[in-house]
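The next block holds one structure in the form of structure tokens; read it before the comments.
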Amino acid sequence: MVRGPLPVGARWGMLPGMRRPWNALVVAGLLVLVAASPCRGEGPDVLRVERLPASLAGTWEFALGDPPGGVADLDGLPFRHVPVPGTWQAGGVPGHGIGWYRVTFDLDPSLAIVPLAFACPQVRDADEVFLDGQPIGRTGRFPPDYDKGTAIERIYELPPSRSSVPGRHVLAARVYNAGPRDGGITGEPRIDSVSAAFHARALREAPRALLGAAFAALGLFSLVFYLRDRGQPDFLHFFLATSGAALFVVSWLSVWTVSGLPLSFLFRVGHAGLFAVPATTLLLFLGFFERPLARLHRVLLAGEAAGAAACLLWPRADDLYYLLPAAVVLGAALAGDVLVHLAVAARRHAPHARLLLVAAAACTAAAAFDAAGVLALGLGGSVDFALSGPAFFVLMSAFLAALADRLARLRLAASTDPLTGLANRAVLFDRLNLEIARARRHAHPVALAIVDLDAFKDFNDRYGHVAGDRFLVDVSRALVEAIRDTDLAARFGGDEFVVLLPEADATQAVACLERIRSGIAHARIAGAESGSTASAGIAVFDPAVRASVSVSAWLRQADAALYAAKAAGRNRVLVAHGAPPAASTFGSSGSHPGDVRRAPGPSA
């Protein structure tokens, strides 16, 4: 039987029946693929808590708004799914105010006997957390008594009545975000044992606490120096800068949650530090380098003062975020001014300029890195990882070293003769009183000698005053080389010197002064064919001979011996004996020849 072709209508009539099996196979395959593919964002995660610490990061339910019945009426909210950690605005829910987070986790039976806690590094801005409808903790306060607790790490102990029951539990968090910054659970939440959670927080915050304590120690150290010497205002500026830095650092510690202080106040203090610390640092630099307060400095300081005042007094704490760009701009202007001046001072080889320039440049770079993170520029640091604090501590440490070195130089200049480097009259008279008291207390003798160059005016007239100054330096070197470390050599004025010899009797004093006389006689300077000789008068105070002596009487007695040595022909050492003379004018003593005796040794 030969079959011809089917009519066209018959062929098209059969196609639907032939396509049904293929359609069914395609649909079934698509369903299998969809079922096998992971569903992202389709539903909240049921998180497994099997070992500690257990991260609760994942997809949570979130709804903006506050049900009338509180946590009991959460099912009536229009929940949607958002990632945690992160802000709900980044998760696709616009707006600010009160929002609810909710997640379900499955607690392993092996953890039922462990005291558990919910921990989260950061929540913006205030929160209260519930487990199975039961409140477990709160940080900050909700409107109308709003208290901001953004950067405080939360640790809420789970009630044993719930944490001891294995299986599924519902964790809900009520969060308030005032804006303008986005809000939500911005730190990674976790379930951990209570002890481990507090231990981990202490380890994370220990560097910050130690840094704050280090700043406070530097500040107190400088304050002590300032209180002892009010003529050093740089130490006061240093105290203000380091104290401001210490307050700024510790204002971010979680320990304040149990202090009773409003967290919004700590938030204000931290932001005020962004303005106050650069301002006090600028004052410190200006004072140290003796720079005048220019018009630019006044404008910048006024801006910093206005910013700090706004941080402390502005009615709404969250509006302080708008001031962050102003703090960065003002800080950058201050840093630029300081760096330019330090660079110029370093080229001129000013003391400490190079060290401070390197430290200031490093601190500025660290502050720029952290500012980029604060302004959300896609790079930079954060509250948990900030470089500006340690860098500023290095800068302040270098500055304190410079202040201490300059103070030491000033004190040295105030206590030494600028030409010879010997002690000056002020140090001499303090030491004389001290050695008289020590001699009386320990009953030992102490010798005093006045040394005067012979015919030094002739030396100056012949070789000039510059050569005379150089010769005086050589004389001072001869004095220092001939005495002990416990002795004192001082320039009394002009070409006259005083040598103080504790615990030395007349014989020992004469031996020392003969070494000095010989050293001076052999001293020579370039360009001078001859030198000069010296005469000396010695007075010994011995408590075994007389109970006490005044400084002026003691000096008069030594001066009388020196006068006698000059009268006897110069270039010799004489020792005074008997009671001190009554005359009060040095160099013109009316002593008698019997009041002094010739010291054994060479003479001119």
Side-chain angles (χ1 to χ4, degrees), residues 41 44 55-67 70-71 74 77-103 118-130 135-156 171-190 251-252 254 256-257 262-268 270-271 274 311 314-325 373-378 380-385:
S55 174
L56 297 182
T59 302
W60 289 39
E61 293 181 300
F62 175 79
L64 192 61
D66 204 17
V71 68
L74 288 185
L77 291 177
F79 280 102
R80 57 187 299 177
H81 308 133
V82 296
V84 171
T87 64
W88 70 64
Q89 291 86 354
V93 182
H96 304 282
I98 296 178
W100 282 87
Y101 284 89
R102 186 170 65 179
V103 71
F118 168 81
C120 186
Q122 187 183 80
V123 178
R124 295 180 185 170
D125 294 296
D127 68 279
E128 53 183 346
V129 179
F130 303 82
I136 62 172
R138 184 188 71 182
T139 298
R141 291 193 301 269
F142 286 71
D145 299 323
Y146 172 54
D147 190 20
K148 182 180 180 64
T150 299
I152 303 297
E153 181 169 353
R154 279 77 166 157
I155 297 180
Y156 304 143
L171 186 74
R174 182 174 180 243
V175 178
Y176 175 71
N177 170 238
R181 296 193 104 185
D182 294 347
I185 303 177
T186 53
E188 181 180 358
R190 67 186 188 279
S251 66
W252 303 98
S254 301
W256 299 112
T257 55
L263 300 181
S264 293
F265 172 73
L266 298 172
F267 179 79
R268 292 176 179 274
H271 281 69
L274 296 175
C311 289
W314 194 262
R316 189 172 180 270
D318 289 274
D319 289 340
L320 302 186
Y321 290 119
Y322 292 118
L323 297 178
L324 291 178
V374 170
L375 298 178
L377 300 180
S382 63
V383 174
D384 295 325
F385 181 76

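- Scanning both residues, D125 and R154, for their nearest heavy atoms gives O-NH2, 3.5 Å.
- Rounding to the nearest 0.5 Å places CD of E128 at 9.0 Å from OH of Y156.
- Residues T186 and Q122 bring a donor and an acceptor atom of their side chains to less than 3.5 Å of each other.
- Separation of the F130 and W100 ring centroids falls under the 6.0 Å cut-off.
- Between C120 and I185, the shortest heavy-atom distance links the atoms SG-CG2, 3.7 Å.
- By the 6.0 Å contact criterion, CZ on R141 is enclosed, its count of non-hydrogen atoms from other residues, nucleotides or ligands being greater than 12.
- Considering L266, I152, I155 as possible partners of T257, the one that fulfils the side chain to side chain contact (heavy atoms under 4.5 Å, CB included) test is I152.
- Judged purely by atom type and a 3.5 angstrom limit, Y146 has no side-chain atom pairing as donor or acceptor with the backbone of A126.
- Looking at heavy atoms from C-beta onward, V103 lies out of side-chain contact with V84 at the 4.5 angstrom threshold.
- Of all heavy-atom pairs between A57 and S55, the closest is N-OG, 3.2 Å.
- R268 places a side-chain N or O within 3.5 Å of a backbone atom of W314 that can act as its donor or acceptor partner.
- Counting only heavy atoms from C-beta outward, the side chains of R181 and D318 never approach each other to under 4.5 Å.
- A 4.5 Å side-chain heavy-atom check between L56 and F118 finds at least one atom pair inside the cut-off.
- Using a 30° and 60° split on the angle between ring planes, W88 and Y101 fall in the tilted class, from 30° to 60°.
- Minimum interatomic distance between L74 and V71 (heavy atoms only, all atoms of both residues): CG-O, 3.3 Å.
- No side-chain donor-acceptor contact under 3.5 Å links R102 to the backbone of A172.
- For Y322 against P325, the heavy-atom pair with the smallest separation is O-CD, 3.4 Å.
- Note: H271 and Y321 have perpendicular aromatic rings, judged against thresholds of 30 and 60 degrees for the angle between ring planes.
- Within 6.0 Å of atom CZ in F265, 12 or fewer heavy atoms from other residues, nucleotides or ligands are found, so the atom counts as exposed in its surroundings.
- L263 places none of its side-chain heavy atoms less than 4.5 Å from the side chain of K148.
- Atoms CZ and OG1, on R124 and T87 in that order, are 7.0 Å from each other to the nearest 0.5 Å.
- Counting heavy atoms from C-beta on, the side chains of Q89 and H96 come closer than 4.5 Å.
- Rounding to the nearest 0.5 Å places CG of L64 at 9.5 Å from CG of L77.
- Between R316 and G179 the shortest heavy-atom distance is NH2-O, 3.3 Å.
- Between the side chain of T59 and the backbone N or O of H81 there is no donor-acceptor pair closer than 3.5 Å.
- Using a 4.5 Å heavy-atom threshold, the side chains of V93 and V82 count as touching.
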